[in-house]
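Proteins get letters first, then strands, A, B, ... in listed order; numbering begins at 1 in each.
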Amino acid sequence: MVVFKVQLKQKIFQILKEQAKKSGIDPEAIREEDLSIENPPKPELGDLAIPLFPFAKVFRMPPHALSSLVGESLQQGASLPEGVDRFNIVGPYLNIFLNRPMVTELLFQQAVKEGDRFGSSDLFRSKRIMVEFSSPNTNKPLHLGHLRNDALGESVARILRFSGATVRTVDLINDRGIHICKSMLAYKELGQGRTPEDEGLKSDHFVGKYYVLYNELAKRDPEAEDRARAMLVKWEQGDPEVRLLWEKMNQWAIEGIKRTYERTGIHFDQFNFESEVYLKGKEEVLKGLEKGIFYREADGSIWVNLEDIGLDRKVLLRSDGTSLYVTQDIGTAISRYKDWPFDTMIYVVASEQNYHFKVLFTILERLGYEWAKNLYHLSYGMVNLPEGKMKSREGTVVDADDLLDELTEMAKEEIRTKEREEEVGNIDETAEKIALGALHYYLLQPSPSKDIVFNPKESLSFTGNTGPYIQYTGARICSMLRKLNGVTQVKDRNGKATYLNTTEEWELVKLLSDFPVVVELSASSYNPSLLANYLYEVSKTFSRYYHEHPILYAEDPDVAASRVQLSRCVLQVLKNGMYLLNIPFLEVM
RNA sequence: GCGCCCAUAGCUCAACUGGAUAGAGCAACUGCCUUCUAAGCAGUAGGUCGGGGGUUCGAGUCCCUCUGGGCGUACCA
């Protein structure tokens, strides 16, 4: 369908230019970007709509007259452009009706031929894109906020790869700093050498427990903070005992976090540790100072002045010469580029850091790094609770593993009440996949930039506009295809586009043909939500159709075979799209 | 104070990036399992797109302003 769209657009553009010449108007006044092809609000109006408002002024004639004029030229010599059946003029709109069998046949061919690659493109061919996301701290396990971050990062990476890019996903693990020392201190003073195994806890939860214990400790012992700070100093000095404890606890934390990644289908090509890079920015700052990009205050601290572009002054090196958060980010970016030169670098980080990234990117540009203009902050909104922000101190943080366990349990319960244990087979595995489907769809469906409210009671539904609904649609198609073997008169027949004559089928064909366009749009805007909403639309449209028309048992076996073929296309689009959103595909549920 | 973001049905979110009568789900009510999985389908009800002004042939979408909310503005990360 894309082919037809492109051809049609060219044709209309050409017609407009010719008409302009005839009317003595400068053809240059006809701009291609004013020409758009849209979907009409109602299918009866047409398959494609071309609004001609923007050109009415240039031609100095009413829009409806212009659309008639263009329509006549389109029909010239009684032959319409390929794929176009007829057109209809509704006021200022030129509405196009496509040749249904032609579009349908094209979809059949593409979906079968390309299979798991259907929807892919070379939009980002030969582009190297680095995607940084997750970035956990090693003092506590992952929470719901990380899950949104991970879902976005993983999905964007998959979509970009599918669109031809060479993608490298990176996890920058924040494994040093005062907050790490806090859990270390609590463990040292209260842990009595126990291990996660001793307490039967997942290792990152074990570490997290001591972070909570620290906060309790600090409440009754005001000097705890001093001891934690002293520990950080010792850590920086390389004190062997502190380093040993640090390594032990970090290992626990990271091992546990990696298990959660595995569970949720998150993959990283590279892990960076802040402990290894946090000093790197320092020399860059000193270089910048020499070049006169930064300046030194009387107390020895080094600053950058960004007031000329509406930002503030920012400290880059403390008066004692130690580095800050921005400093390490400067260093990390530079060493990453050296290590793996990229065309684009995407930081998936919550919107609370918008300011930070503005500052970071500006500094890198001023330091003279050409690639700095290719850095992109993929900012996303916070995940809040109905009561407000999640706060670890108040214990309102929604733990990632607990949430998944809870969802899995709900899915199991659902399978049991529907009495589908036998058909499903491995209930544990299926329930877990349903849980992941629900979670990832829930997190990816809203626009990234928006804050979302997570209501534990209502948000975790499996019906309606949810991940499991999409999974269910796929599972039903699979189930139907399994039964196809029993229907001998249909089984060996090839589907043909000409047997599909219902409006519902045509709606499906148009929608499915749009899949590559939706993927491209999601890729170029780094926005998986477009894809998520699209998959829901596909599921919805198919469910309606499936309810309305028999497929396997259609009276005419040729019609049945063609409907099966269409269902296979739906399945392929769902499968490919679900992969891109990291929603597990299920043959049975 | 200043900067950035957000405001659409009771609730949670869409709206093809400025196009035709603003759509879904949840919750409520009503139907549909002797036919391919009822995690489904169909229907009823629910809206001055936060208020006001402007730009435009056309504004939920762009600009200004006010109101309400979030985030930031650390020699924290």
Side-chain angles (χ1 to χ4, degrees), chain A residues 36-42 45 49 51 53-54 56-57 62-63 90-93 95 135 137 174 176-179 274 297 299-303 310-312 314-320 322-326 328-329 350-356 358 379 381-382 384 386 388-389 411 414-415 417-418 420 423 434 438 442 445-447 449-455 458-459 461-466 468-469 471-473 475-484 487 514 517-518 521 525 529-530 532-534 536-537 540 543-544 546-548 550-554 560 563-564 567 588-589:
Chain A
S36 60
I37 298 192
E38 293 159 2
N39 295 330
K42 295 240 173 187
L45 290 167
F53 297 105
K57 210 175 201 173
V90 184
Y93 290 95
N95 290 336
S135 309
N137 295 325
N174 184 344
R176 48 140 249 127
I178 187 70
H179 51 299
E274 289 206 351
E297 281 285 352
D299 63 1
S301 56
I302 298 175
W303 295 67
L311 305 176
D312 298 292
K314 194 92 190 161
V315 189
L316 300 179
L317 271 186
R318 291 193 186 96
S319 45
D320 64 5
T322 57
S323 50
L324 292 104
Y325 181 44
V326 221
Q328 17 174 329
D329 270 6
S351 59
E352 52 189 353
Q353 294 197 36
N354 285 355
Y355 182 77
H356 169 76
K358 254 191 225 170
S379 166
M382 314 292 290
N384 295 319
K389 202 176 171 178
E414 205 65 31
I415 293 169
T417 45
K418 291 181 197 306
R420 295 198 49 83
E423 272 163 290
I434 292 168
Y442 173 74
Q445 190 260 345
S447 301
S449 67
K450 291 201 174 174
D451 290 353
I452 55 182
V453 177
F454 176 81
N455 188 330
E458 291 169 15
S459 299
S461 153
F462 297 150
T463 56
N465 190 353
T466 64
Y469 173 71
Q471 291 174 311
Y472 180 65
T473 310
R476 283 175 102 180
I477 296 174
C478 287
S479 162
M480 186 186 74
L481 292 176
R482 282 192 295 273
K483 288 187 175 154
L484 176 61
V487 192
D514 260 338
V517 180
V518 175
L521 212 58
S525 57
S529 90
L530 300 175
N533 286 300
Y534 169 81
Y536 174 68
E537 191 63 34
K540 186 92 189 143
S543 296
R544 206 177 296 141
Y546 183 72
H547 187 263
E548 207 73 30
I551 295 177
L552 290 182
Y553 308 118
R563 288 178 177 177
V564 167
S567 306
V588 187
M589 70 183 273

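Note on A:Y536: only backbone sugar-phosphate atoms sit closer than 4.0 angstrom, heavy atoms only; bases stay farther off. Using a 4.0 Å heavy-atom distance criterion, A:Q471 is classed as making no nucleic acid contact. Looking at heavy-atom distances under 4.0 Å, A:A49 makes contact with a base. Base engagement by A:N95 is indicated by at least one non-hydrogen atom pair under 4.0 Å involving a base atom. Heavy atoms of A:M589 sit under 4.0 angstrom from at least one base atom. Residue-level contact check: A:I452 touches the backbone only, with heavy atoms under 4.0 Å from sugar-phosphate atoms and none from bases. Contact annotation for A:S461: no contact, since no heavy-atom pair falls under 4.0 Å across all strands. Within 4.0 Å (heavy atoms only), A:L311 reaches no atom of the nucleic acid at all.
In this structure, the CD atom of A:Q445 is 12 Å from the C1' atom of B:A15, given to the nearest Å. Put simply, NE2 on A:H547 is 8 Å from P on B:A38, counting in whole angstrom units.
For the pair A:R318 (side chain) and A:S301 (backbone), a donor-acceptor distance under 3.5 Å is absent. No donor-acceptor pair under 3.5 Å is formed between the side chain of A:N95 and the backbone N or O of A:A49. Not a single donor-acceptor pair under 3.5 Å links the side chain of A:R176 to the backbone N or O of A:E274. Checking side-chain atoms of A:S447 against main-chain N and O of A:K450 turns up no donor-acceptor pair under 3.5 Å.
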Starting from the C-alpha separation in whole Å, work towards a yes-or-no answer on side chain to side chain contact (heavy atoms under 4.5 Å, CB included) for A:Y355 and A:K314. CA-CA 11 Å; A:Y355 182 77; A:K314 194 92 190 161; 4.2 Å; yes
A:Q353 and A:Y325: side chain to side chain contact (heavy atoms under 4.5 Å, CB included), yes or no, with the steps? CA-CA 12 Å; A:Q353 294 197 36; A:Y325 181 44; 2.6 Å; yes
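The partner of B:C57 is B:G19, judged by Watson-Crick or G-U wobble contacts that both fall below 3.5 Å. Across all strands shown, B:C2 forms a Watson-Crick or G-U wobble pair with B:G72, both key distances being under 3.5 Å. Of all nucleotides present, none satisfies the Watson-Crick or G-U wobble test against B:A14 with each distance under 3.5 Å. With both pairing distances under 3.5 Å, B:A27 is matched to nothing as a Watson-Crick or G-U wobble pair. Across every strand in view, B:A9 sits unpaired, with no contact that passes the Watson-Crick or G-U test at under 3.5 angstrom.
Distances shorter than 4.0 Å separate some side-chain N or O of A:K418 from OP1 or OP2 on B:A39. Not one side-chain nitrogen or oxygen of A:R476 sits closer than 4.0 Å to the OP1 or OP2 atom of B:A39. Remark: A:R420 is not in phosphate contact with B:A39, judged by side-chain N or O atoms under 4.0 Å from OP1 or OP2. Between B:A15 and A:Y534, no contact under 4.0 Å exists linking OP1 or OP2 to a side-chain N or O. Phosphate proximity of B:G25 to A:K540: present, with a side-chain N or O under 4.0 Å from OP1 or OP2. Listed pair A:T466 / B:A39 fails the phosphate criterion, with no side-chain N or O lying under 4.0 Å from OP1 or OP2.
Distances from the side chain of A:L530 to the nucleotides B:G72, B:U17, B:G40 place B:U17 closest. Ranking B:U73, B:C41, B:C36 by closeness to the A:L552 side chain, first place goes to B:C36. Side-chain atoms of A:P446 lie closest to B:A14 of the nucleotides B:A14, B:A42, B:A77. Comparing B:G3, B:U73, B:A77 by their nearest atom to the side chain of A:D312 picks out B:U73. Here B:A20 is the nucleotide among B:A77, B:G25, B:A20 with the atom lying nearest to any side-chain atom of A:P41. Comparing B:G40, B:A20, B:A39 by their closest approach to the side chain of A:S543 singles out B:G40.
Using P as the reference atom, B:A22 and B:U48 are 13 Å apart when rounded to the nearest Å. Remark: the separation of the P atoms in B:C66 and B:U73 is 25 Å, to the nearest Å. Look at the P atom in both B:U61 and B:U65: the space between them is 16 Å, to the nearest Å. B:A27 and B:G10 have their C1' atoms separated by 8 Å, given to the nearest Å. B:G40 and B:U17 have their P atoms separated by 30 Å, with the value rounded to a whole Å. Taking the P atom of each, B:U21 and B:G3 are spaced 38 Å apart, rounded to whole Å. Nucleotides B:A39 and B:C71 have their C1' atoms positioned 37 Å apart, rounded to a whole Å. Between B:U67 and B:G53, the distance separating the two C1' atoms is 15 Å to the nearest Å.
For B:C16, its base sits under 3.5 Å from the side chain of A:N39 at one donor and acceptor pair at least.
Side-chain atoms of A:H356 and A:D329, non-hydrogen and from C-beta on, do get closer than 4.5 Å to each other.
Judged by centroid separation below 5.5 Å and plane tilt below 30°, A:Y553 does not stack onto the base of B:U35. Stacking annotation: A:F53 is stacked on the base of B:G19 (ring centroids less than 5.5 angstrom apart, interplanar angle below 30 degrees).
An anti orientation is assigned to B:U35, its glycosidic angle lying beyond 90° of 0. Taking the O4'-C1'-N9-C4 or O4'-C1'-N1-C2 dihedral as appropriate, B:C33 has a value within 90° of 0 and is therefore syn.
Heavy-atom nearest nucleotides on RNA chain B were determined for A:K450 and for A:M480, and the one closer to the 5' end corresponds to A:K450. Take the nearest nucleotide of RNA chain B for A:K389 and for A:S323: the residue whose nucleotide is more 5' is A:K389.
The aromatic rings of A:F454 and A:Y442 lie perpendicular to each other, with more than 60° between the two planes, well past the 30° mark.
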